[in-house]
Amino acid sequence: MSTREYMLGNVAIARGIVEGGGKVISGYPGTPSSEIVDTLSAMKERDFYVEWSVNEKVAMEVAAGAAMTGVRSVVTMKHVGLNVAADPLMTLSYMGVKGGMIIIVADDPACHSSQNEQDTRKYSEFSLMPCLDPSTPQEAKDMIPYAFELSERFGLPVIFRPTTRISHGKSNIELGPITEHSVEAKFEKDTSRWVMIPSNARLRHPHLLEIQDDIREELENSPWNELTINENSKIGIIASGLGSVYAKEAMENLGLEASFLKVGAYPVPEGLIRKMYEQAETVLVIEELEPIVEDRCKIIAKDIESPVKILGKTGGLIPRVSELTVDICVKAIGEAFGIETNVPEIAEIDMELPPRPPAMCPGCSHRAAYHAMKKVFGKKAVFPSDIGCYTLGIQNGTVDTTLCMGGSITVASGIYDAGEKQPICCSIGDSTFFHTGINGLLNAVYNKANITITILDNRITAMTGHQPNPGMGLTSTGEPTKEIDMEQLCRGLGAEFVETVDPYDVKATEEVFKRAKDFEGPSVVITRQACVISARRAGVRRIPFKVDTEKCIGCRMCVNLGCPAIEFDKESKKAHINAMCTGCGLCSVVCKFDAIVEVQK
Amino acid sequence: MSSKASEFDLVISGVGGQGAILASDIIGRSAVLEGKSVRAAETHGMAQRGGSVVNHIRIGCDLGSMIPLKGADCLLALEPVEALRYIEFLADDGVIIMNTESVYPVTVSTGKATYPPVDSIVEKLKETHRVIAFNAAEKAAEAGSRQATNVVLVGALSNFLPIKMETLLDRVKEMVPPKTIDTNVKAFEMGRSMVE
């Protein structure tokens with residue numbers, strides 16, 4: 001193996017975990033974090049344990065348990081996953097760990113594939129756990145072995161926060177040596193440490209506060225924070241994480257002479273900031289999302305009565321939303337210091353481009369399930385939904401709400417409890433149901449919500465890149481395991497109406513939905529059909545369909561399904577099925593003129 | 001006009017499933033093997049297939065992966081509308097290499113939006129830039145498989161990259177499925193010969 005490789009950021013992070021001697025790695029899939037556990041799971045030779053857990057809270061506690069025994073552990077998730085895991089997080093900081101534990105939380109500024117763009121550094125402040133914020137994939141990898149050591153040194157988990165551009169960035173990576181970290185797992189009983197009853201928590205909280213200064217000092221001298229003083233300039237630039245590389249490029253473009261502080265580790269390096277204040281009269285703080293460094297900078301200036309002027313998000317030079325770019329940094333520096341800039345003006349394209357919104361795949365079984373659902377419940381029914389590929393059903397009129405993972409059954413219950421007169425039918429995917437839908441169903445049964453719950457069971461966690469889940473009978477590494485019986489689970493939660501149907505069988509699906517709608521109390525419909533992508537990978541080939549142009553009258557019923565395989569030919573005014581057809585047959589059932597037929601072999 | 005931070009900036013745009021990532025990886029790995037630093041970014045939305053995708057690749061760059069506006073030396077478009085969609089990243093003296101075969105978005109197939117004539121897209125782009133436009137999918141089919149469309153375009157691009165042709169071609173051989181090596185080598189060479 002060469003020591004210099006071209007790698008995805010998440011693959012580099014996985015490599016960092018191996019180099020640092022991680023022994024137990026858990027996670028729940030979520031873009032942009034998923035490839036870390038995917039990579040570790042796919043390794044042929046492993047001297048560590050890796051799992052996809054059923055949700056982030058579970059994953060966090062698994063990793064915490066492992067770290068209590070003295071081994072090094074990692075938990076991975078996306079930013080919103082940390083909300084699910086916030087309960088263990090906030091007390092784990094009191095309790096601490098024995099073996100090094102890293103909490104990897106991938107942020108998604110600009111909401112590339114997320115429902116919000118919250119900033120995990122806020123959780124670092126809140127939980128009082130240190131946070132590492134890499135500026136490049138290389139730094140991301142290098143920070144991981146360091147994070148294990150830092151965690152062990154202070155007996156506290158470390159938050160590691162890559163963003164989309166790190167996790168889904170690619171770069172040449174210099175590989176490091178693999179640490180031999182053979183610690184035998186041994187849980188040592190110590191109730192004062194591992195049992196957070198009030199009397200113990202009251203002692204651990206001051207301890208957590210006491211070690212903050214030591215952590216800050218340690219990080220201040222780490223390679224992740226870096227101060228360069230320019231004695232010829234009264235300008236200071238402070239930039240954090242990814243923002244630091246954009247800021248550097250902007251400074252190079254402008255030929256700006258300035259002192260520069262790169263912040264890559266939190267708590268914020270107060271000593272370095274104070275040193276910068278000795279040289280700079282005006283400081284521009286460049287960071288993505290929340291003004292975390294900026295606010296600290298203001299507090300420090302006030303504390304030491306420094307006359308330094310702090311610029312950044314206050315005053316609007318640096319946006320608090322979305323991602324930063326080099327151009328944003330160039331403009332901000334230009335405005336802040338009265339420098340002429342050359343950010344190009346982009347002319348409007350005087351040609352209308354057709355939007356290309358994300359769409360469900362040709363032959364996706366969710367499309368068929370949604371079609372039957374809408375037909376039976378009617379357009380006026382309320383359709384709360386959840387997070388997964390099926391959220392793309394927003395195009396089909398069957399996604400009326402999407403709040404968070406597991407927020408379909410519960411929101412549906414609330415809408416029912418409020419007295420909504422229209423029928424309510426919610427949808428949730430198999431993996432999302434296992435994640436946090438189970439509690440929602442239990443609550444719906446317990447509190448007698450008269451709603452229909454559709455579990456769109458495509459036998460995989462599709463949207464994040466096809467990870468296995470408890471319904472598949474496979475672990476993350478592909479080992480066979482108990483396959484959770486979804487019907488039995490729902491019945492166990494108290495649901496009395498539980499029926500499973502193949503959504504490709506449109507008539508049968510409609511019949512099941514009719515019975516579910518008529519049922520008094522919570523009814524569960526499980527539409528089961530494998531994801532078309534995984535089915536194809538497994539070798540499933542169905543006969544594709546074509547349009548009989550003699551019979552097609554151009555009514556567009558099939559076209560309106562929104563399947564990428566069905567086009568409308570404007571000249572002939574007839575539908576046309578293209579090469580993307582996977583043979584699900586939904587359109588042939590929808591066609592009232594029998595104009596859609598299987599391609600003859 | 002590449003910015004000072006990078007030797008060569010490239011934007012690859014297309015539709016999910018067209019192989020933009022493989023094209024980026026062939027180039028990225030080749031550059032790394034030639035000892036250059038590379039920063040690349042993949043942007044794809046929620047859909048597994050069919051969404052608009054854009055990759056930035058910066059060769060000889062040690063900073064961030066995102067190319068500034070009008071910073072790219074070349075725009076490689078696997079699909080015509082996706083060339084126009086990301087034109088803001090191309091420098092005034094940058095080159096466009098594009099496939100002229102369209103992939104209709106659902107908004108077009110369902111009649112909610114119209115797809116502009118491909119000729120008019122090419123003409124529009126030619127008003128401001130040097131454009132190398134051809135039906136790469138047909139070339140790929142001629143080479144043996146339409147799946148090799150991305151490799152045809154990488155072949156055309158190889159005329160402009162600061163990377164040896166042999167390095168790129170070796171990566172193609174290494175990275176495509178073994179059974180398709182001959183097809184892809186042919187596809188690469190056909191693409192390469194599309195540039196005078």
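Letters go in sequence order (proteins before strands), and every chain restarts at 1.
Residue contact with chain A, scored on non-hydrogen atoms closer than 4.5 Å, involves the side chain of B/Val106 exclusively. Both the backbone and the side chain of B/Ile121 come within contact range of chain A, with heavy atoms under 4.5 Å apart. Heavy-atom distances place the side chain of A/Leu8, and not its backbone, under 4.5 Å from chain B. Both the backbone and the side chain of B/Asp25 come within contact range of chain A, each with at least one heavy atom under 4.5 Å from a heavy atom of that chain. Contact of A/Glu252 with chain B is made through backbone and side chain together, with heavy-atom distances under 4.5 Å. For a residue to count as touching a neighbouring chain, one of its non-hydrogen atoms must lie under 4.5 Å from one of that chain's; by this rule B/Glu127 does not touch chain A.
Of all the listed residues (B/Val81, B/Ile87, B/Leu84, B/Val103), the one sharing the greatest number of non-hydrogen pairs under 4.5 Å with chain A is B/Leu84. For the set B/Ser24, B/Gly64, B/Gly28, the entry with the most heavy-atom pairs within less than 4.5 Å of chain A is B/Gly28. Annotation: maximal heavy-atom pairing with chain A below 4.5 Å, among B/Ile57, B/Leu33, B/Thr107, B/Thr128, occurs at B/Thr107. When each of B/Val32, B/Thr114, B/Asn55, B/Asp62 is checked for heavy-atom pairs under 4.5 Å with chain A, B/Val32 comes out on top. Note: B/Pro116 leads B/Cys61, B/Gly111, B/Pro116 in heavy-atom pairs under 4.5 Å with chain A. Between chain B and the options A/Leu561, A/Ile566, A/Thr325, A/Thr391, heavy-atom pairs under 4.5 Å are most frequent for A/Ile566.
A/Ala462 approaches A/Cys531 most closely through the heavy-atom pair CB-SG, 4.3 Å. In plain terms, the two heavy atoms of B/Leu78 and B/Gly19 that are nearest each other are CD2-C, 4.2 Å. For the residue pair B/Pro80 and B/Ser102, the shortest heavy atom distance occurs at CD-CA, 3.8 Å.
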**Request:** Show your working on side chain to side chain contact (heavy atoms under 4.5 Å, CB included) between B/Arg85 and B/Glu79 and close with a plain yes or no.
**Result:** CA-CA 10 Å; B/Arg85 205 186 300 280; B/Glu79 206 275 346; over 6 Å; no
**Asked** Yes or no on side chain to side chain contact (heavy atoms under 4.5 Å, CB included) for B/Asn150 and B/Asn99, after CA distance, side-chain angles and deciding distance?
**Response** CA-CA 9 Å; B/Asn150 52 353; B/Asn99 179 20; over 6 Å; no
**Message:** Between B/Lys70 and B/Asp92, is the side chain to side chain contact (heavy atoms under 4.5 Å, CB included) condition met? List the steps.
**Reply:** CA-CA 7 Å; B/Lys70 287 198 178 187; B/Asp92 291 336; 3.2 Å; yes
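A/Arg556 is linked by a side-chain contact (heavy atoms from CB on, under 4.5 Å) to A/Val559, A/Asn560, A/Phe568, counting only residues two or more places apart in sequence or in another chain. A/His168 pairs by the ring pair (Phe, Tyr, Trp, His ring centres under 6.0 Å) definition with B/His44, not counting sequence neighbours. Residues passing the side-chain hydrogen bond (donor to acceptor under 3.5 Å, both in side chains) test with A/Ser431, sequence neighbours excluded: A/Tyr28, A/Thr461.
Ring geometry, A/Tyr390 versus A/His366: the interplanar angle exceeds 60°, so the pair is classed perpendicular (tilted spans 30 to 60°).
Listed by sequence position, A/Pro344, A/Glu345, A/Ile346, A/Ile349, A/Asp350 are the residues of residues 341-350 of chain A in contact with chain B, using a 4.5 angstrom heavy-atom cutoff.
Between the CG atom in A/Asp108 and the CD atom in A/Glu323 there is a gap of 8.0 Å [rounded to 0.5 Å]. The line from CD1 of B/Ile67 to CG of A/Asp327 is 11.5 Å long, rounded to the nearest 0.5 Å.
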